[in-house]
Amino acid sequence: MSEADCRFSAPKGVADLLPPRSALSRAATDYFGQLAPLWGYWPIETPLFEKTEVFERSVGGTSEIVTKQMYTFEDKSGDSITLRPEGTAGVVRAFIEHEIYKKEPLPWRVFYAGEMFRYERPQAGRYRQFKQVGVEAIGAEEPEADVEQIELCLTFLEGIGVVSPRLLLNSIGDKACRPRYLEALDGFLSSNDVSSKLCQECRLRIGRNPLRVLDCKRAECRRVTEFAPKSVEYLCGPCRVHFDAVQAGLQALGIEFVLESRLVRGLDYYVRTAFEVISEGLHAAQDAVAGGGRYDGLVESLGGPPTGAVGFAIGVERSLEATRWANILSIRQPRSGSKAESAASSGLLTPGYSEQKGPPRFRIRDSSPDVVVVGVDDSCRTAALALGSRLRREGIATVVSPVGKSLKARMKYADRAGAHITAVIGPEELTSQTVAIRLMGSTEAKIAKQRTVPSNRAVSEVLAILRSESSEGDGTVSTSAQREPK
Ligand code: AMP
């Protein structure tokens, strides 16, 4: 056998990630791990493979992923096993299996980072093994949860330098209103004029999963579906209210978006909000760096109680390809000279040497929120959302409590979530543009620190309290900004 015959290469569609580029991927996932706790998310690790039916039941039997892309095999005991093609199904399975809904305050917020496997035709930005970072908020019914996740997603993409990220938004309705929309869509697509112009695959989709026709990237199909009925025109009352609130929340946080009526997402479990982030830094055929939305019916369909939920996933390789970092890294060699200096001055390559004595200390990130913001009634929702966003920008881990529950239930939620401070905004505070800041727990010293402050000073007051608590050294309070290694 010649030497050449002995050489192996990686399977098609997968690649080795070698230094220094491997450092880029690691840095991006670490960065996500630093950001997500600011929104109240704890890390979760689920298996790389699940029983096949977990994906069949959740992703949906007619989806492209299940019909074509899964790596499925029988293990030695004859069980059908599938390498995970996405992260949500495993997280929901774990939520139900461990009966989290009985034990933890909801929403249960978790984030993950890990490999996904899909048998797709490899091309630029599309691999058979790729990394995703993502979050799931299970038990999150309210539109504010959608808005906060979009904010986290964009903060990450902007933070790693994705070129011109653009948020696309749609609502695809729910069980109540989608059938009427599907009927209209089916009627449109089935008309001779339209169906004759669709690709063969789309024609097959009409009867099985007409929403997916809207997803097709072929230019001719896109030209035809431009005039298809829009799901937002068929929303029932509750879906309309939810969608309006998501848009109002995004506007309140200054997040720009484009309504995209053909954004349906590939997975069957989505309802209401669907969103995607695309980047001009990528080829138009594969320009999505992130996608997410609501999946209110999924927990129930996998055997849990009816539970609202929302999540997103970001493709790590794809996002990094949408930045300029790879170019900068490729000029890292040689170690001295102007090119290397420009890489270092970009801020990407930080020196390995640290001023801290000895090797780094082992630390575990605490993801309990520093602050729970409580909006007392519906009129205070936007102000609560905006305060949450301002606090996080200062590195303070903040969760905005759902409005749907009683005030007492929300204070209890703040306590159970392990928050140090609640920031309460009621109609009175709204009128006087103030925020009532309370320390959790009931020692006299803490009660003495409760106060109402002007809302434009709320963030600095919270920071001051957290800092003073932490310097008092009782070990119970520290800001996220101070908690190493955030
Ligand atoms: P999805 O789970 O399909 O919503 O995908 C979320 C994100 O993961 C996409 O926006 C891409 O950035 C990334 N992604 C999905 N499929 C692949 C793939 N085959 N290769 C690389 N990245 C992918």
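As the structure is a computational prediction, the values presented were derived from the model and not from experiment. One-based numbering along the sequence shown. When a ligand or atom number is given, it counts from 1 through the structure's own listing order.
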Begin with the C-alpha distance, continue with both residues' side-chain angles, and end with the deciding distance and a verdict on side chain to side chain donor-acceptor pair (under 3.5 Å) for Thr72 and Thr82. CA-CA 4 Å; Thr72 299; Thr82 295; 2.9 Å; yes
Mind checking whether Phe95 and Tyr101 have parallel, tilted or perpendicular rings, split at 30° and 60°? tilted
Of all the atoms in ligand 1, which lie at a distance below 4.0 Å from a heavy atom belonging to Val289? 10 (O), 12 (O)
Should Arg118 be counted as touching ligand 1, given the test is an N or O pair under 3.5 Å? yes
Is the number of heavy atoms from other residues, nucleotides or ligands under 6.0 Å of Glu115 CD greater than 12? yes
Could you see which bit of Gln132 sits under 4.0 Å from ligand 1, with heavy atoms only: side chain, backbone, both or neither? side chain
Under 3.5 Å, sequence neighbours excluded: what are the donor-acceptor pairs made by side chains of residues 131-139?
residue, atom, partner, partner atom, Å
Lys131, NZ, Ser25, OG, 3.1
Glu136, OE1, Tyr295, OH, 2.7
Glu136, OE2, Thr88, OG1, 2.8

Heavy-atom donor-acceptor pair, Arg222 side chain to Cys216 backbone, under 3.5 Å: yes
Less than 3.5 Å apart, any donor N or O on the side chain of Asp174 or His242 sitting next to an acceptor on the other? no
For ligand 1, is any non-hydrogen atom under 4.0 Å from Glu86's backbone (N, CA, C, O), its side chain (CB onward), both, or neither? neither
Under the side-chain contact (heavy atoms from CB on, under 4.5 Å) test, which residues partner Lys12, sequence neighbours left out? Pro122, Arg128
Please work out whether any backbone atom (N, CA, C, O) or any side-chain heavy atom from C-beta onward of Ala290 is under 4.0 Å from ligand 1, and answer side chain, backbone, both or neither. backbone
Ignoring angles and geometry beyond distance, decide whether Gly291 reaches within less than 3.5 Å of ligand 1 through its nitrogen or oxygen atoms. no
Taking the minimum heavy-atom distance to atom 10 (O) of ligand 1, which of Pro85, Gly293, Ala288 ranks first? Ala288
Note: heavy atom closest to atom 21 (C) of ligand 1, options Gly315, Gly125, Gly13, Ala124, belongs to Gly125
Compute the shortest N/O to N/O distance between Glu317 and ligand 1 and return yes if it is under 3.5 Å, no if not. no
Could you tell me whether Tyr127 approaches ligand 1 through its side chain, its backbone, both or neither, with non-hydrogen atoms closer than 4.0 Å? both
